[in-house]
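The structure under discussion appears below in the form of structure tokens.
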Amino acid sequence: MTTLEDLLKIPRFSDLKILTNPTNANTIVESIEISETPDVANFIPKKIFLLTTAMVYKNNQKELFTLIDSLKEQEAAGIGIKVGRFIETIDPAIIDYANEINFPVVQVPSNQPLGALLHQLLNYLWDTKTEQLSYALDIQKRFSDLLIHDVSIARFIADFGKMINTPVILLSPYRKVIAHSKHFTQTSKPAEYYVEQLVSKYDNWNEDSHTSFMIKDLNQEPLQIVGFSVTGNSYFPHHLLILNPQQVPYPMSEFAVEQACLVLSFMLYKNQKVQESLDFLKSDFLGQLVEYQQTPHQSRRDWLDLGTNYGLKKSTQYQVVYSACSQTTATATKIKYQQEESDVAFQWLQETLPPRIKHVSIFKVKNTNHLAILIQSRVEDLEKILTELSLALSEKLPITLTFALGNLYETIEQIASSFIEAKTAYEEMLTMTDGSLTHRYHPKGMKSLFEKMSLEDIHYFCETTLKELAYPIEDSFIELRKTLQCYLSFQCEISKTAKEMYLHRNTIKYRIDHCAKLLGKSIQDPNNSLNLRLALELSERSNQHQ
């Protein structure tokens with residue numbers, strides 16, 4: 001990246017004189033052109049340094065105002081006017097105007113042929129570009145070697161910082177330091193010290209793909225940082241920060257940094273795909289665990305052993321929290337956005353939940369963008385913790401996490417019950433308008449069955465209402481179920497039930513008392529008896545559909 005100021009400092013171009021304020025000469029020069037055409041600005045690309053004899057302006061220099069305006073609008077690097085042939089001296093009014101609009105005007109002496117000057121300037125620019133390209137390709141080769149050897153992102157960042165000899169930091173989409181070069185181990189402040197300054201000073205800094213910032217170093221002196229987006233995701237990119245970019249040794253070019261960003265994008269994408277395959281296995285395990293309870297007559301399985309690799313622990317406290325990202329009108333139809341949003345939220349919870357909650361495991365819910373959080377300990381301020389984490393994420397990214405809580409259970413087999421309750425509570429949240437971030441499941445008895453009659457809901461209602469009598473296998477439970485069904489059909493009259501079943505009334509009384517003890521509720525209570533009747537009918541029908 002060569003500026004007009006750089007060109008004018010070269011000894012071979014010492015006879016070129018900057019007539020405007022020297023500070024205006026920091027414009028970037030990408031090429032040189034010669035033209036005598038008044039409308040040349042319509043035919044040149046940006047960042048061009050224009051050489052001219054101003055032949056068409058020899059009798060009226062005021063028309064140079066229009067030319068300068070058009071070049072300024074085209075973002076030209078400046079204009080070099082040869083004096084002594086058509087124009088003896090450049091009108092001071094032209095210089096004053098150029099200073100007003102911060103446009104560089106350079107005087108070319110009469111003894112300097114413009115064709116030779118053009119050739120010399122282009123040779124310098126081309127040599128610089130060639131050197132920069134060669135350096136960038138060399139870095140690309142070194143990056144390729146690192147990829148072939150499958151180095152970690154931390155190792156890559158450390159090597160990249162060493163290559164360009166300046167501190168480098170890689171941030172997650174929510175501005176957490178993922179990796180940094182070894183420069184920070186030699187100072188009294190970690191990489192987070194500079195990131196915190198950046199975040200506090202520039203609220204929307206992560207919206208730009210390539211931006212420069214000014215913060216303070218350890219001595220409270222101005223420190224420049226350049227930020228680049230690393231687009232592993234379309235909507236939530238990572239960020240590569242380079243401190244003191246002005247100290248990067250020549251001929252380090254922006255192209256080389258872009259190569260680093262490209263390699264990092266590939267590494268992040270590869271890691272993401274590997275993680276997705278592991279998350280799929282984890283999601284599949286959760287699906288099997290929930291489905292198991294909904295399917296009667298299954299052989300007993302050692303879920304603790306099967307779930308060890310997925311964070312399942314032996315405990316007497318199990319609770320599921322169903323989590324999802326709230327959608328706005330703008331994002332409701334963006335499938336890719338919702339998927340990336342869920343991935344970022346999943347990673348956020350993976351990092352922030354374990355320090356706050358003991359024995360927690362997070363699952364992606366199969367075929368959705370939702371998450372299931374399995375908590376295997378009692379947490380006193382669970383809703384408060386979840387709310388704080390949601391608010392903390394929304395301060396960093398436009399993501400709002402909501403949480404629906406199932407009830408606490410004592411056995412692994414009951415995890416499915418907590419999951420169903422949490423999912424039901426989440427569906428209730430979708431109809432709520434109070435904007436709350438958390439919601440607990442509240443039992444609704446038979447009402448929920450009439451609202452939704454999915455097989456999953458039927459099994460849950462039947463098993464929580466009838467317990468062992470829902471889908472009995474043992475003969476004793478089968479007989480108890482038949483007795484209960486007959487007893488309820490005769491309006492809880494023992495004599496009629498005994499007559500119908502050809503049993504002694506004391507036998508019926510004993511069985512009904514046993515049922516009441518087993519179910520933990522009074523069978524004669526009208527509400528209970530209605531629930532029991534419905535559960536008996538639904539469990540019988542659902543069993544026939546297996």
Side-chain angles (χ1 to χ4, degrees), residues 135-136 138-140 142-143 145-147 149-232 236-250 252-254 256-268 270-271 344 347-348 350-352 354-355 392-393 395-397:
Y135 183 78
D138 179 58
I139 283 186
Q140 186 182 48
R142 294 166 71 177
F143 287 167
D145 290 339
L146 292 175
L147 280 176
H149 290 87
D150 197 26
V151 301
S152 66
I153 289 179
R155 165 74 185 281
F156 178 86
I157 291 296
D159 284 7
F160 181 55
K162 187 176 180 181
M163 287 179 197
I164 64 176
N165 195 32
T166 197
V168 177
I169 304 172
L170 180 65
L171 299 181
S172 71
Y174 42 84
R175 309 168 195 174
K176 180 179 183 291
V177 176
I178 296 177
H180 57 76
S181 58
K182 295 183 179 180
H183 297 81
F184 300 98
T185 59
Q186 303 169 1
T187 66
S188 59
K189 295 289 186 181
E192 286 78 5
Y193 168 78
Y194 302 94
V195 176
E196 288 170 2
Q197 281 195 67
L198 192 63
V199 172
S200 62
K201 187 174 181 180
Y202 300 95
D203 292 337
N204 298 320
W205 67 276
N206 60 332
E207 295 180 358
D208 300 315
S209 60
H210 176 195
T211 316
S212 179
F213 313 97
M214 294 298 298
I215 60 172
K216 300 289 185 181
D217 64 10
L218 297 178
N219 300 317
Q220 298 304 304
E221 296 294 329
L223 172 68
Q224 185 181 9
I225 294 183
V226 177
F228 297 85
S229 290
V230 181
T231 54
F236 301 97
H238 288 66
H239 305 281
L240 182 68
L241 304 181
I242 300 178
L243 280 65
N244 289 323
Q246 68 276 11
Q247 294 182 8
V248 175
Y250 178 82
M252 177 61 190
S253 67
E254 185 174 318
V257 178
E258 290 174 352
Q259 289 295 303
C261 291
L262 181 63
V263 172
L264 281 170
S265 295
F266 175 80
M267 295 177 74
L268 289 167
K270 181 201 69 173
N271 291 349
V344 172
Q347 190 61 40
W348 168 261
Q350 288 272 53
E351 294 179 4
T352 57
L393 178 59
E395 288 177 359
K396 301 175 183 296
L397 291 172

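For the pair G227 and L241, the tightest heavy-atom approach, listed with the atom from each and the gap, is CA-CD2, 3.8 Å. Between K396 and Y174 the shortest heavy-atom distance is CD-O, 3.3 Å. Across all non-hydrogen atoms, the minimal contact from H183 to N165 is NE2-C, 3.9 Å. Across every non-hydrogen atom of A191 and I169, the tightest pair is CB-CD1, 3.8 Å. Across all non-hydrogen atoms, the minimal contact from V151 to M267 is O-CE, 3.3 Å. When every heavy atom of H239 is checked against every heavy atom of S229, the shortest pair comes out as ND1-OG, 4.1 Å.
Partners of Q350 according to the side-chain contact (heavy atoms from CB on, under 4.5 Å) rule, which considers only residues two or more places apart in sequence or in another chain, are F346, I362. With sequence neighbours excluded, no residue satisfies salt bridge (Lys or Arg N to Asp or Glu O under 4.0 Å) with D217. Take Y193 and apply the side-chain contact (heavy atoms from CB on, under 4.5 Å) test, not counting sequence neighbours, and it matches K189, P190, Q197, L218, Q220. Remark: L262 pairs with no residue by the side-chain contact (heavy atoms from CB on, under 4.5 Å) rule, at least two apart or across chains. Applying the side-chain contact (heavy atoms from CB on, under 4.5 Å) criterion to K270, with sequence neighbours excluded, gives D150. Listed by chain and number, the residues in a side chain to side chain donor-acceptor pair (under 3.5 Å) with Q224 are S212 (sequence neighbours excluded).
For the atom pair CG (L268) and OG1 (T231), the distance works out to 9.5 Å, reported to the nearest 0.5 Å. Note: L147 CG to R142 CZ = 14.0 Å, rounded to the nearest 0.5 Å. Here CD1 of I215 is found 10.5 Å from CD of E196. Values are rounded to the nearest 0.5 Å.
Under the 4.5 Å side-chain criterion, counting only non-hydrogen atoms from C-beta, V230 is not in contact with P237.
Relative ring orientation between F184 and Y194 is described as tilted, the plane-to-plane angle lying within the 30° to 60° band. The aromatic rings of F156 and F160 lie parallel to each other, their planes meeting at an angle below 30°, with 60° marking the opposite boundary.
Residue pairs meeting the salt bridge (Lys or Arg N to Asp or Glu O under 4.0 Å) criterion with at least one partner in residues 157-168, sequence neighbours excluded, are R155-D159.
S181 contributes a side-chain N or O that, together with a main-chain N or O of V168, makes up a donor-acceptor pair within less than 3.5 Å. The main-chain N or O of L243 is found under 3.5 Å from a side-chain atom of T166 such that the two form a donor-acceptor pair. Using modelled atom types, no side-chain atom of R175 and backbone atom of V195 make a donor-acceptor pair closer than 3.5 Å.
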request  = Could you go through the side-chain contact (heavy atoms from CB on, under 4.5 Å) check for H238 and I178 one step at a time?
outcome  = CA-CA 9 Å; H238 288 66; I178 296 177; 3.3 Å; yes
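Among the candidates V226, I157, L171, the single residue satisfying the side-chain contact (heavy atoms from CB on, under 4.5 Å) test with L240 is I157.
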